[in-house]
Amino acid sequence: MELLVDIALLGLLLVTAVAIAWARDLLAAVMLAGIYGLLSASFFMVMGAVDVAFTEAAVGAGISPLLMLATLSLTGRFQAGTDTRRVLFSLSLVILVGALLVAATLDMPAFGSPEAPAQQHVAPRYITESMNEIGIPNIVTSVLASYRAYDTLGEVVVIFTAGLGVLALLMSLPPQGEPVRGELLSPMRGHRILRVIGKILIPPILVFALYVQFHGEYGPGGGFQAGVIFAVGFILYAMLFGLDVVARVVSNAVVQVIAAVGVLLYGTVGLLGMLTGNNYLDYRDLAGDPVTGQHIGIIAIELGVGITVASVMMLVFFVFSGQLAGRRAG
Amino acid sequence: MLVAALYNYWIVIALMMIGLFVVILGGNLVKKIIGLNIFQTSVFIFYISVGKVDGGSAPILTEGVELYSNPLPHVLILTAIVVGIATTALALALAIRIKQAYGTIEERDIQTRDSQC
């Protein structure tokens, strides 16, 4: 049964990817990319990677198509034709590389084999020891926020930097024309059904985000997922009621500061570990006994991750739709 | 036997090659970014496939369950997905800036404009 689901999902992924490559209409390609994201999330679920599926569903099927659609409305919907020579050249190159890669897989251990080298190294230790050392059931969170916390700090800084990059690229150039207020910024404003349903849905989305944030130690979830879901609540509100309404709650400037606060919180917790005489990001001695210390450390840095991810996603959306508003006015 | 053991990786390679095809075929920059995303997701699928253990459950410790999937690839890919959307946003922002500076995001037209100056 699992094999069938697996093959069906992989087949659908393949078909969707071919359709994306085929599509000349970029709007169709973006919608298909959303489906592709949802399908890969389902595949991760079948593979037992619940945390990953969670993230991919929120990112690949949610925010990523949204940003691409915003871009398309600025850059145009259709792509120009390509000449046949180039298609043949690319196709033969891709087939050659693919054949070489397939030849390389012949030496790989069988799929799902417990004896594969990937299953031998540190993973057994994480599975057998993490309950004693960290004391939380979700191994993914233990590894993410404690064993490999330094790694995660790097990822958070990358996200923060990418947010800064978007800001630097698009804020330096103020949108042409007078700033627009009102309906131009929220084309959905006239849709009463969407507004009512949106109003009902947004509070549960935000509460759910907080649940995912703080329950991440016991079930699937954590700062990355919660941050994305939290941002989605605000983005939905901005789409339905307008950017100017959201700006009254969180303005662009506030989001920028909050993004930095998240990274700072993460880094500071690491320093606290050093103050107790341990390595950077080692929170063993933050409380009386090591397990409680780990708990406090993990909650604090997951909060830092959540804050940064949420505010960077919101920042990117605000900047993109700011451009959109400028273009509509100009 | 060989097919049953490795088909997963072959489909990953096929997806990867479709992504690569969209990227090197050229043309529209947004299409290229979508291709890059397909390529990226195929790497995610590869990592998660490598971490799968036959009969293993999701890596959340539960009473009575002995066999778990490998949590390490999950951690790596979980963060990679969010980093991926952040870098995609940066790429899309670049495409918007290129549109403003050149008036087009078709690669050929951009190169023609460049060679004129």
Side-chain angles (χ1 to χ4, degrees), chain A residues 10 13-14 17-18 20-21 26 29 33 40 43-44 47-52 55-56 59 63-64 67 71-72 74-75 79-80 82 90 94 98 101-102 105 108 110-112 114 118-119 123 126-127 131 137-140 143-144 148 152 155 158-159 162 165-166 169-170 224 309 312 316 323, chain B residues 5-6 8-11 13-15 17-18 20-22 24-28 30-31 34 37-38 41 44-45 48-54 56-62 68-72 74-75 77-79 81-83 85-90 92-97 99-100 105-106:
Chain A
L10 286 173
L13 274 171
L14 213 52
V18 171
I20 291 172
L26 291 173
S40 44
F43 177 78
F44 296 147
M47 291 287 114
V50 280
D51 284 274
V52 184
T55 320
E56 177 69 22
V59 167
I63 291 201
S64 156
L67 292 181
T71 311
L72 281 191
L74 287 165
T75 59
Q79 69 173 130
T82 35
S90 313
V94 160
L101 284 175
V102 168
T105 58
M108 283 192 66
F111 168 67
Q119 262 62 273
Y126 291 151
I127 292 171
M131 200 58 182
N138 189 347
I139 311 174
V140 173
V143 179
L144 181 105
R148 296 183 67 92
T152 312
E155 316 264 14
V158 170
I159 293 167
V166 172
L169 278 169
L170 295 183
F224 285 96
V309 171
V312 168
V316 168
Q323 289 291 315
Chain B
L6 295 174
N8 222 315
Y9 302 134
W10 294 343
I11 292 184
I13 291 171
L15 291 174
M17 289 305 116
I18 293 169
L20 186 63
F21 175 74
V22 175
I24 61 175
L25 185 59
N28 194 295
V30 174
K31 186 74 177 275
I34 298 175
N37 265 328
I38 297 179
T41 312
F44 298 162
I45 295 175
I48 299 297
S49 301
V50 167
K52 169 78 176 162
V53 177
D54 272 333
S57 78
I60 295 170
L61 295 167
T62 326
Y68 296 97
S69 288
N70 190 342
L72 188 55
H74 297 187
V75 176
I77 297 312
L78 161 62
T79 51
I81 290 174
V82 184
V83 170
I85 179 66
T87 49
T88 302
L90 190 64
L92 291 171
L94 271 171
I96 292 174
R97 281 293 281 127
K99 172 76 177 179
Q100 282 165 346
I105 52 163
E106 292 293 333

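Reminder, nothing fancy here: chain letters follow the sequence lines and each chain counts from 1. The shown structure was predicted, so the numbers you read here are calculated from the model rather than taken from an experiment.
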Go through [options] and name the one with the most non-hydrogen pairs under 4.5 angstrom from chain A.
{"options": "B:I45, B:T87, B:T62", "answer": "B:I45"}
{"options": "B:L20, B:T41, B:V22", "answer": "B:T41"}
{"options": "B:V50, B:N37, B:L92", "answer": "B:L92"}
{"options": "B:G51, B:A58, B:G56, B:A14", "answer": "B:A58"}
{"options": "B:A86, B:S57, B:G27", "answer": "B:A86"}
{"options": "B:V53, B:I18, B:L25", "answer": "B:L25"}

Interface residue of largest heavy-atom contact number with chain B, from [options], under 4.5 Å:
{"options": "A:V158, A:V312, A:V309, A:I127", "value": "A:I127"}
{"options": "A:G165, A:A29, A:A80", "value": "A:A80"}
{"options": "A:A123, A:A49, A:G112, A:A162", "value": "A:G112"}

Inset, instruction - In sequence, state the C-alpha distance, the side-chain angles, and the governing distance for A:V143 and B:L72, and then conclude on side-chain contact (heavy atoms from CB on, under 4.5 Å). - result: CA-CA 7 Å; A:V143 179; B:L72 188 55; 4.0 Å; yes
Inset, instruction - Take A:L101 and B:M17 through the test side-chain contact (heavy atoms from CB on, under 4.5 Å) and record every step on the way to the result. - result: CA-CA 10 Å; A:L101 284 175; B:M17 289 305 116; 3.5 Å; yes
Tell me, for [X] versus chain A, whether the close heavy atoms (under 4.5 Å) come from the side chain, the backbone, both or neither.
{"X": "B:S49", "result": "both"}
{"X": "B:K99", "result": "side chain"}
{"X": "B:I105", "result": "side chain"}
{"X": "B:I13", "result": "side chain"}
{"X": "B:V82", "result": "both"}

Gap separating the [atom1] atom of [X] from the [atom2] atom of [Y], nearest 0.5 angstrom:
{"X": "B:K31", "Y": "A:Q79", "atom1": "NZ", "atom2": "CD", "answer": "4.0 Å"}
{"X": "A:D51", "Y": "B:I77", "atom1": "CG", "atom2": "CD1", "answer": "13.0 Å"}
{"X": "B:R97", "Y": "A:T75", "atom1": "CZ", "atom2": "OG1", "answer": "14.5 Å"}
{"X": "A:L13", "Y": "B:L15", "atom1": "CG", "atom2": "CG", "answer": "6.0 Å"}
{"X": "B:I85", "Y": "A:I63", "atom1": "CD1", "atom2": "CD1", "answer": "6.5 Å"}
{"X": "A:E56", "Y": "B:L78", "atom1": "CD", "atom2": "CG", "answer": "11.0 Å"}

Inset, instruction - Measure distances from A:A118 to the heavy atoms of chain B and classify the residue's part below 4.5 Å as side chain, backbone, both or neither. - result: both
Inset, instruction - Identify which part of A:V316 has an atom lying under 4.5 Å from any heavy atom of chain B, answering side chain, backbone, both or neither. - result: side chain
What pair of heavy atoms forms the shortest contact from [X] to [Y], and how long is it?
{"X": "A:G48", "Y": "B:H74", "answer": "O-CE1, 3.6 Å"}
{"X": "B:Y9", "Y": "A:F111", "answer": "OH-CA, 4.0 Å"}
{"X": "B:A93", "Y": "A:L169", "answer": "CB-CD1, 3.9 Å"}
{"X": "A:T105", "Y": "B:W10", "answer": "OG1-NE1, 2.8 Å"}
{"X": "B:K52", "Y": "A:M47", "answer": "CD-O, 3.7 Å"}

Inset, instruction - Might you work through the side-chain contact (heavy atoms from CB on, under 4.5 Å) test for A:V94 and B:I24, ending with a clear yes or no? - result: CA-CA 9 Å; A:V94 160; B:I24 61 175; 4.1 Å; yes
Inset, instruction - Please examine the side chains of A:L14 and B:I11, heavy atoms only from C-beta on, and report whether any two atoms are closer than 4.5 Å. - result: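 Result yes, sub-4.5 Å side-chain heavy-atom pair found.
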Legend entry - Pair B:N8-A:F43, side-chain contact (heavy atoms from CB on, under 4.5 Å): steps then yes or no: CA-CA 11 Å; B:N8 222 315; A:F43 177 78; 3.7 Å; yes
